[in-house]
Amino acid sequence: MDRQAIEKAADVLRQRMPAPPAIGLILGSGLGVLADEIEEAVRIPYEEIPGFPVSTVEGHAGRLVCGRLEGASVVAMQGRFHYYEGYSLREVTFPVRVMKALGVRELIVTNAAGGVNEQFRPGDLMMISDHINLLGTNPLIGPNDPELGPRFPDMTEAYSRRLRQLAKDAAARLGIRLHEGVYVANIGPSYETPAEIRMIRVLGGDAVGMSTVPEVIVARHAGMEVLGISCISNLAAGMTDAPLHHDEVVETAERVKADFLRLIKAVVAELAK
Ligand SMILES: Cc1cccnc1O
């Protein structure tokens with residue numbers, strides 16, 4: 001990814017944003033409602049930002065929302081880009097590069113995921129402790145710009161221990177049940193087969209989805225701290241007889257949004273201190 005394109009997008013946004021953001025939020029399917037809670041909000045459609053792709057998935061609005069949330073200056077992606085839409089991983093992760101250029105230090109990534117762990121139920125929240133990349137590719141492939149990050153970034157703590165503790169403490173304070181587990185990225189857009197879900201379980205996966213991992217790899221490359229929260233939208237293939245539908249993914253996220261909102265806002269409030 002070239003620095004010129006990143007700076008060009010960041011410059012356009014600096015002209016329109018109320019203040020430099022400290023926290024970035026990527027809101028997954030049906031979870032964009034959090035951006036509606038941002039105060040003094042400036043909403044910028046992706047098509048007005050040079051270098052941003054345009055989201056094509058139902059349940060993803062397609063705009064950047066900047067403003068204040070729980071006392072912090074934030075920038076939220078209301079709608080994200082997915083590899084399965086046909087974008088390159090560099091395009092999918094370009095917004096993370098721009099957030100870094102704007103000054104974002106902590107990135108909270110959220111998604112709707114399929115439950116693989118047999119203890120999980122639709123509507124549960126899972127904090128991501130680690131991920132497994134089954135995409136068979138990586139957003140950092142190609143020449144590395146050392147100004148953006150190291151050639152071989154360490155992924156030992158892809159999901160910040162500090163932020164995970166913050167989220168755990170917030171969930172306990174709020175009486176929100178918060179699982180913790182491993183998120184596995186599948187390319188999509190077809191859902192996983194029952195055999196693939198059995199494989200993912202054997203590999204140690206607790207939830208599966210079609211996003212998040214590319215953004216987290218780039219965020220860690222850029223030196224950002226990351227917290228990941230999955231909304232278990234439905235049980236993955238083979239765990240029930242029912243077939244999977246995208247509208248179920250969005251509908252479940254809608255249903256659990258109260259707890260999801262309370263948790264993310266509590267974490268942001270802590271970071272704003
Ligand atoms: C996003 C998702 C939801 C349910 C099952 N599998 C997935 O990849």
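Atoms within each ligand, like the ligands themselves, are counted from 1 in listed order. Just so it is clear, the values below take in all heavy atoms, side chains as well, and ignore hydrogens, waters and symmetry mates.
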| message | When you measure from the side chain of Glu270 to the backbone of Val267, do you find a donor-acceptor pair of N or O atoms at a distance under 3.5 Å? | response | no
| Min N/O separation Glu192 to ligand 1 under 3.5 Å | yes
| request: Under 4.0 Å from a heavy atom of Ala112: give me the atoms of ligand 1 that qualify, with their elements. | output: 1 (C)
| field | Proximal candidate to atom 3 (C) of ligand 1 [heavy atom criterion; set Ala185, Cys231, Gly114] | value | Gly114
| So, for Tyr87 and His82, which heavy atoms are closest and what is the spacing to 0.1 Å? | CD1-O, 3.7 Å
| message | Counting only heavy atoms from other residues, nucleotides and ligands, does the tally under 6.0 Å from CZ of Arg151 exceed 12? | response | yes
| task | With sequence neighbours excluded, tell me which residues meet salt bridge (Lys or Arg N to Asp or Glu O under 4.0 Å) with Glu215. | result | Arg80
| field | Residue Gly209 vicinity, atoms of ligand 1 by number, heavy atom under 4.0 Å | value | 1 (C), 8 (O)
| note | ligand 1 atoms nearer than 4.0 angstrom to some heavy atom of Met210 are 8 (O)
Pairs of donor and acceptor atoms involving the side chains of residues 101-115, under 3.5 Å and at least two apart or interchain, shall be tabulated with distances.
{"residue": "Glu106", "atom": "OE2", "partner": "Arg162", "partner atom": "NH2", "Å": "3.0"}
{"residue": "Thr110", "atom": "OG1", "partner": "Ile26", "partner atom": "O", "Å": "2.9"}
{"residue": "Thr110", "atom": "OG1", "partner": "Gly28", "partner atom": "N", "Å": "3.0"}
{"residue": "Asn111", "atom": "OD1", "partner": "Ser230", "partner atom": "OG", "Å": "2.7"}
{"residue": "Asn111", "atom": "ND2", "partner": "Thr212", "partner atom": "OG1", "Å": "2.8"}
{"residue": "Asn111", "atom": "ND2", "partner": "Ser230", "partner atom": "OG", "Å": "3.4"}

| note | Out of Val208, Ile197, Asn111, the nearest non-hydrogen contact to atom 7 (C) of ligand 1 is supplied by Val208
